[in-house]
Structure formats: C-alpha cells, structure tokens
Amino acid sequence: MASISLRGVQKAYGDGAPVIRNVDLDIGENEFCVFLGPSGCGKSTLLRMIAGLEDVTDGDLSIGGKIVNDVPAAQRGVAMVFQSYALFPHMSVFENMAFGLKLAKTPKDEIERKVREAARILQLEALLERKPKALSGGQRQRVAIGRAIVREPGVFLFDEPLSNLDATLRGQTRVEIARLHKQFAKASVVYVTHDQIEAMTLADKIVLLHSGKDTERYGSIAQIGAPLELYHRPKSRFVAGFIGSPRMNFLPGKVASVDAQVVLVTLDHTGENVRVPVSSVGLQSAQPVTLGVRPEHLEFVDASAASQEGVLARTVSLVEQLGEHSYVHLDQPGGAVLIAKAPGNTRLAPGDRASLLVPLTACHLFTEDGFAAASLETVEHYA
C-alpha cells in the first residue's frame, strides 16, 4: 500500500508566519498514526496537506515513495473522513457510499459488491435505502467511513471523526475504527483528534504538536512515539502536561546536590527534599528545576512518615469520587493544587491532612527551558 513521508514541510498563508513549521515525519504502511495537540496547533492543516486539500508552502510530501506536492487530491490514492460526515442528503446510504466509485466509472456489479461488503462490515446492511436524515449520528459516521472503505485507498485520513458524537457513541465508534484497521491491515491511517483517549487507544504512533512561540523555536512537532512512550518518557514539560488526565503534577524546586546517578531536589515554599534518579550531566547546585509526578504514582502513607525524605504533607481540598477510584486534590503552597489517585472507597475528606510518598522511580525532572533532564531513566517498572 502506501507509506507517507514529510521532509521539512511548512505551511504559511500569504505573507504570514508559518502555521506548520519544519515537519519531518515518516508514517509506515499499516501504521495507525494520530495527530494530537491543542486547538490551533495545525493538526487538521497537516492532514489536509496530506490529502491535497492544502498546498505545501515548503518541503516535500511523499506518498508511496512519490513526491505529491503538485499532485491533485483525487490522484493521491487517499480517502478522507470528515468531522461533519459530508453526506449528500438527497441520496440513500447506498448511493452515498457508491458515489466515488461512480465518478471513477467503476462497473456496476463491482460497485454493488464493494458497497454491500462495506455495509456488512459496518453493520449498515439494513439501512442502505435510507436517507441520511433518517440515521443517527453514529450511523451517519459509519456511512462516511464506508464511503472511504469502498475506494480501497492506500491511506485513510480521519479529521476528528468522533467529535460530533455523544460519549457512548464515541466509545462504540472508536472500537469499530480500531477493528476496521485490523481488517484493512495494509492501509495506513492518519487520524486527527484532540481527545487523549482516542489517541492512546487507537495509535501505533502519536505525533504531538504544539502551537504558539514553541513552534518558532522547535518546529511544530513536540514529540513522536508510541502512546506509552509519550506517557512514561515525555521529552518536555509540555508533553508531560498534555498527555494524561488528570495532568502530571509539577512542583517547582532547586537542585540541592548532584552525583552521577541521583539529583536531590529541594521544593520551593516547603523545603521538602526528593531524590530523582537522573544523569547529573548539565545540572548544577541551586539550579531551578521542576519535579513532575503523575497522580497515580503518588502513594498515601502514614502520617508518621511526614518528615521523611520524599514525603509530602498536604491538606485535602477536594475529593472527586469516580467509583472505581477517587482523585484527591491537595493544597499546594503558592496557590497550586496537587492531585493524587486514591481507591474509590477512600475516607479522606476536605480539611484532612495527608502524607504522600513520591516514589524515586516515578519522578520526572524538567529544566528551565522545559525539557526533561538529560538521560532521564525513570518509571521503568511503571511502563
């Protein structure tokens, strides 16, 4: 089928600053690649450049080893599923799914076979004669996916296809998309979303994009990797804060001492000490740093341990009870909030004092420029 390659790709409108900067990316055959990032970071613009709906201002875009910068969208061998479904309201489900094949002058018997096979896979067989207005949102999205499937493209492009669905339908359709990718194993998939759950559950590879001034300094891509790689080994504070819900806790501090294997960090405001197993290369005593730890890695311990190294003493401000587990919000000096994950039956309540152990192997350390400290080797047994 088709691999995708981008080299030095940029996009600008008129004389304005580029909205996509210095993108170098390879998406292999049979790979499910998700573009993830905050609003305005250029996820959909990058996808539309691959589709041929936006021009490439600079750099080379290749599909299947062929540079396609000047190749029209219809000749790129890609199929796109839009956020808005984009179905023809006057056509039946069958006619909507067959439309692209008819334009390509595909024989009628082949159209019939391909549409009915796609309808079977998507469980739309009983709906082929209905018009879009008679369908639910989830059914309309499946029709849009079916219209892409019948073309048997080398590349599937999805532009936030689940954002118009309610929570239950999003979950169901996400499972269907994952199942379809396994059935059409030779096709590459590029999928745009701002939803972390979609990204983490669907992707073989996540391309996390950032926006604003960071793109001017570092380009549009913040990090590329497998979902758990971004989660457990973020290369920057931006990645660490964006991936994960609730987000990673960040505690400002300063380097108290360094050796070849461990950095001792003293937290601002409280003077609490936490040891972090990182390479000390480039770190100096009194250097400002930020300690990062995820809510599920903090461990509640007995109050008698409050004065020990690596233990934080805080006051509970809020408890979110979610059934299986709870999220405990604790006041932080300076007005910030620390969040820790607790069992669903926790008895903690606002006003209680709690002691939390920061495990040595679950810490991240970020320097003032926002990047992870050199040679970070943590969370190995959590990954």
Side-chain angles (χ1 to χ4, degrees), residues 1-2 29-35 44 47 51 77-104 106-204 227:
M1 286 292 178
E29 296 180 4
N30 187 31
E31 192 163 49
F32 199 122
C33 179
V34 173
F35 293 168
S44 292
L47 187 81
V78 305
M80 189 161 178
V81 178
F82 296 91
Q83 176 181 345
S84 60
Y85 316 137
L87 302 178
F88 296 107
H90 63 286
M91 292 184 181
S92 67
V93 169
F94 184 98
E95 291 168 334
N96 267 284
M97 292 174 65
F99 184 73
L101 297 177
K102 288 181 178 178
L103 286 182
T106 305
K108 286 186 178 180
D109 58 341
E110 190 173 348
I111 291 176
E112 182 80 15
R113 179 184 62 79
K114 288 185 175 183
V115 169
R116 293 201 176 276
E117 174 61 14
R120 182 190 65 78
I121 292 170
L122 294 166
Q123 300 175 17
L124 293 170
E125 292 171 291
L127 307 176
L128 288 174
E129 301 307 318
R130 292 191 188 181
K131 300 289 178 60
K133 66 180 180 181
L135 305 178
S136 68
Q139 290 168 336
R140 292 177 193 177
Q141 192 57 273
R142 278 186 280 158
V143 174
I145 294 171
R147 184 176 53 193
I149 287 173
V150 296
R151 293 177 53 193
E152 299 179 348
V155 177
F156 285 98
L157 306 177
F158 291 87
D159 190 7
E160 302 209 42
L162 309 185
S163 60
N164 289 335
L165 306 181
D166 62 39
T168 301
L169 279 175
R170 276 203 305 272
Q172 293 173 353
T173 310
R174 184 176 72 240
V175 171
E176 288 179 359
I177 290 173
R179 178 173 55 82
L180 284 170
H181 180 236
K182 294 190 183 336
Q183 286 187 260
F184 296 90
K186 293 183 180 179
S188 302
V189 176
V190 185
Y191 188 105
V192 165
T193 184
H194 62 272
D195 188 310
Q196 291 186 44
I197 294 176
E198 290 178 32
M200 295 293 287
T201 56
L202 289 173
D204 299 318

[X] to [Y] - nearest heavy-atom pair and separation:
X: T193; Y: V34; value: CG2-CG1, 3.6 Å
X: P89; Y: P132; value: O-CD, 3.7 Å
X: P227; Y: A199; value: CG-O, 4.2 Å
X: L47; Y: M80; value: CD2-CE, 3.6 Å
X: D204; Y: N30; value: OD2-O, 3.9 Å
X: T106; Y: I111; value: O-CD1, 3.3 Å

Once rounded to the nearest 0.5 Å, what's the spacing between atom [atom1] of [X] and atom [atom2] of [Y]?
X: R142; Y: Q172; atom1: CZ; atom2: CD; value: 8.5 Å
X: E112; Y: L101; atom1: CD; atom2: CG; value: 11.5 Å
X: R140; Y: I145; atom1: CZ; atom2: CD1; value: 14.5 Å
X: R116; Y: I121; atom1: CZ; atom2: CD1; value: 14.0 Å
X: L135; Y: K133; atom1: CG; atom2: NZ; value: 11.0 Å
X: K131; Y: L87; atom1: NZ; atom2: CG; value: 12.5 Å

Parallel under 30°, tilted from 30 to 60°, perpendicular over 60°: which one fits the rings of Y191 and F32?
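Tilted, since the angle between the ring planes falls between 30° and 60°.
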Any heavy-atom pair between the side chains of F35 and V190 that's under 4.5 Å?
yes
Decide yes or no for V189 and L202: does some side-chain heavy atom of the first lie under 4.5 Å from some side-chain heavy atom of the second?
no
Can V143 and Q139 be said to form a side-chain contact (heavy atoms from CB on, under 4.5 Å), step by step?
CA-CA 6 Å; V143 174; Q139 290 168 336; 5.6 Å; no
If we check salt bridge (Lys or Arg N to Asp or Glu O under 4.0 Å) with E117, which of these qualifies: R120, K114, R113?
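One option only clears the test, and that one is R120.
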Do E198 side-chain atoms and R174 backbone N/O form a donor-acceptor pair below 3.5 Å?
no
Is it the case that the side chain of S188 and the backbone of A2 share a donor-acceptor pair, with hydrogens and angles ignored and the cut-off at 3.5 Å?
yes
For V81 and R147: C-alpha separation, side-chain torsions, deciding distance, then whether side-chain contact (heavy atoms from CB on, under 4.5 Å) applies.
CA-CA 8 Å; V81 178; R147 184 176 53 193; over 6 Å; no
